[in-house]
Every structure is written in C-alpha cells, then in structure tokens.
Amino acid sequence: RSVRLDRPAYDGRDIEAGELRLEGLTLRLTRTSAGLLGFSPSLPASPSPPREAARPAPAPRVTVSRLVVGGASRLSFEDRTLPESLRLEAQPLELTVERIDGTHPDRDSPFRLATILAGARFDAHGTIRPFESSPSGRFDSQISALELPLLSPYVADALGLQVRTGL
C-alpha cells in the first residue's frame, strides 16, 4: 500500500538507497510441478537466434542499507503439487534485511523475520546472500503454538497415503 525509499541514487549503472520500506505488501507464492511461479529460471535460448541479436544491457547492481517489510504485510502460499491443494496465509509479516549489496554478492546480509502462520508464531534470524549465483544463507528459527493436524497433504505424501477427506 505504501513504499518509501530514503536517499535513492542511480549513477547509470548501480542503484543505491538508504532504506526501502514496504507497508501493506501482499506476496503470492505458488508451488507447482514446474517450480515456484514467478521464480522460474530464465527461458531457454531459442534454437536459432536471429543474426546480430542485440545483447541485453547488464542488470543494475542494487545496494540497500535496510529493507523493511511490515504494516500488515502478508504472504499467501499455495502448493499445487499435492493431491489436495494446500493454502496457507502468513500475516502479519515483518521482515528486516540489512546491508543488501549487489556489488559484493559474497557478503552476508543479516535478516529478521516474524509472522503468524495458521495460529503459530514463527520467528527467524540469520544471514542471506541473495545475489550469489546460487542464493544461500543460514538461519535460526523458533516456532511456537504450532498445531499439527492428524492428517494433512504433507503427511499423506510422506507416508505414501492418499487422503480424500479430513478427519
């Protein structure tokens, strides 16, 4: 619903900002047999590229001192790989990431995440490297008040049982 960018700068190649704050953000993530929608790898090259194909300009490198997602932000997740689709909503979503630096992809960016998912409180903190060729990170998390249903699509998949109805 709102975006605030403090001290933005662009030098023709790199984009920098002091703080990027997103309030009331809704993220939709869908898992399918082809992968995560919106996070698929780039399209394969065409079998016969046109002669003298123009090369795309390199993507700008992004550096942000602090990214904050909050203000009733939420994550809607749907998993379509199971016999019965699973939908989960994480709300409110509070995320802070420090020192995001695309000019140094090998540097850690500390983060903190807190949300409520299906009545359970989820807290995590650690570091990520979002700009490495294969993004990586490490984190510690704590989950409290988690209810485990007797049968869920994930349990059914793990046990090799196909469940058509609930309890």
Side-chain angles (χ1 to χ4, degrees), residues 1-42 56-82 84-149 152-155 166:
R1 298 188 187 231
S2 71
V3 175
R4 190 179 90 205
L5 187 61
D6 292 338
R7 298 183 316 277
Y10 177 65
D11 65 4
R13 168 74 178 119
D14 299 332
I15 299 171
E16 295 182 25
E19 180 176 274
L20 172 59
R21 183 174 291 270
L22 305 169
E23 302 279 336
L25 178 70
T26 297
L27 299 168
R28 297 190 196 287
L29 186 60
T30 303
R31 180 180 179 213
T32 67
S33 58
L36 295 175
L37 293 182
F39 291 93
S40 59
S42 59
R61 295 177 297 194
V62 176
T63 303
V64 178
S65 297
R66 180 180 167 106
L67 167 68
V68 178
V69 176
S73 292
R74 65 186 182 150
L75 168 68
S76 295
F77 173 75
E78 182 178 3
D79 190 341
R80 296 181 186 167
T81 65
L82 304 167
E84 290 183 39
S85 289
L86 177 72
R87 290 185 177 96
L88 297 170
E89 178 107 2
Q91 183 179 13
L93 178 70
E94 299 170 10
L95 171 68
T96 302
V97 184
E98 307 277 344
R99 299 189 306 268
I100 300 169
D101 192 350
T103 61
H104 298 283
D106 58 332
R107 290 190 185 164
D108 289 338
S109 297
F111 78 92
R112 191 166 282 292
L113 171 69
T115 191
I116 296 176
L117 177 66
R121 177 91 184 154
F122 178 79
D123 292 290
H125 66 277
T127 60
I128 57 172
R129 292 185 178 179
F131 297 110
E132 281 192 330
S133 57
S134 178
S136 64
R138 66 169 185 78
F139 68 93
D140 295 315
S141 64
Q142 180 177 1
I143 300 173
S144 54
L146 177 67
E147 285 189 35
L148 297 175
S152 77
Y154 287 115
V155 172

> Side chains of L29 and L37: closer than 4.5 Å at any heavy-atom pair?
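The answer is no, as the side chains (C-beta and beyond) never meet within the 4.5 Å cut-off.
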> Would one find more than 12 heavy atoms of other residues, nucleotides or ligands at under 6.0 Å from atom CZ of R87?
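Atom CZ in R87 is not crowded, with 12 or fewer foreign heavy atoms closer than 6.0 Å.
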> Mind listing the closest non-hydrogen atom pair of E98 and S109 along with its distance?
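For E98 versus S109, the nearest heavy atoms are O-CB, 3.2 Å.
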> Show the numbers, then the answer: is there a side-chain contact (heavy atoms from CB on, under 4.5 Å) between T30 and D79?
CA-CA 6 Å; T30 303; D79 190 341; over 6 Å; no
> Could you tell me if the side chain of S73 sits less than 4.5 Å from the side chain of E94, heavy atoms only?
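When only atoms from C-beta onward are counted, S73 and E94 do not touch, as no gap falls below 4.5 Å.
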> Quick one: does E89's side chain get under 4.5 Å of F77's, heavy atoms only?
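Counting from C-beta outward, E89 and F77 never come under 4.5 Å.
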> Does a side-chain heavy-atom distance below 4.5 Å link E19 with R4?
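Counting from C-beta outward, E19 and R4 do come under 4.5 Å.
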> So do T127 and F139 actually touch side chain to side chain, heavy atoms under 4.5 Å?
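With C-beta onward as the side chain, the pair stays apart.
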> Do L22 and V68 have side chains that approach each other closer than 4.5 Å (heavy atoms only, starting at C-beta)?
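A side-chain contact is absent here, since even the closest heavy-atom pair is not under 4.5 Å.
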> Nearest heavy-atom pair of A114 and R121: which atoms, and what distance?
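Closest approach of A114 to R121: CB-NH2, 3.3 Å.
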> If you round to the nearest 0.5 Å, how far is CZ of R112 from CG of D123?
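Here the rounded value is 8.0 Å.
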> Assess whether a salt bridge exists between E23 and R21, defined as any Lys/Arg side-chain N lying under 4.0 Å from an Asp/Glu carboxylate O.
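Looking at R21 together with E23, the answer is yes, because their closest N to O distance falls below 4.0 Å.
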> What distance separates I100 CD1 from L20 CG, expressed to the nearest 0.5 Å?
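Rounded to the nearest 0.5 Å, the CD1-CG separation comes to 7.5 Å.
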> Checking side-chain polar atoms at under 3.5 Å, does E16 have a donor or acceptor matched by the opposite partner on T63?
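No.
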> So, do I15 and P60 sit near enough that their side-chain heavy atoms are less than 4.5 Å apart?
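Result yes, sub-4.5 Å side-chain heavy-atom pair found.
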> Run the salt-bridge test on D108 and R129 with the 4.0 Å N-O cut-off and return the result as yes or no.
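So D108 pairs with R129 through a salt bridge.
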> Are side-chain heavy atoms of T96 and R66 found at a separation under 4.5 Å?
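When only atoms from C-beta onward are counted, R66 and T96 do touch, with a gap below 4.5 Å.
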> Which heavy atom of A120 sits nearest a heavy atom of I143, and at what distance?
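In terms of heavy atoms, the two residues are closest at CB-CG2, 4.3 Å.
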> Without swapping roles, check the side chain of S141 against the backbone of A124 for a donor-acceptor pair under 3.5 Å.
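No; zero donor-acceptor contacts below 3.5 Å.
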> I would like to know whether D101 and F131 meet side-chain contact (heavy atoms from CB on, under 4.5 Å); could you show each step before the answer?
CA-CA 8 Å; D101 192 350; F131 297 110; 5.9 Å; no
> Nearest 0.5 Å, please: how far is CG in L75 from CG in L27?
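That separation rounds to 6.0 Å.
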> As a quick check of understanding, evaluate side-chain contact (heavy atoms from CB on, under 4.5 Å) for R31 and R80, giving each step before the final call.
CA-CA 6 Å; R31 180 180 179 213; R80 296 181 186 167; over 6 Å; no
> Do the side-chain N and O atoms of R74 and T26 include a donor-acceptor pair separated by under 3.5 angstrom?
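Side chains of R74 and T26: pair found under 3.5 Å.
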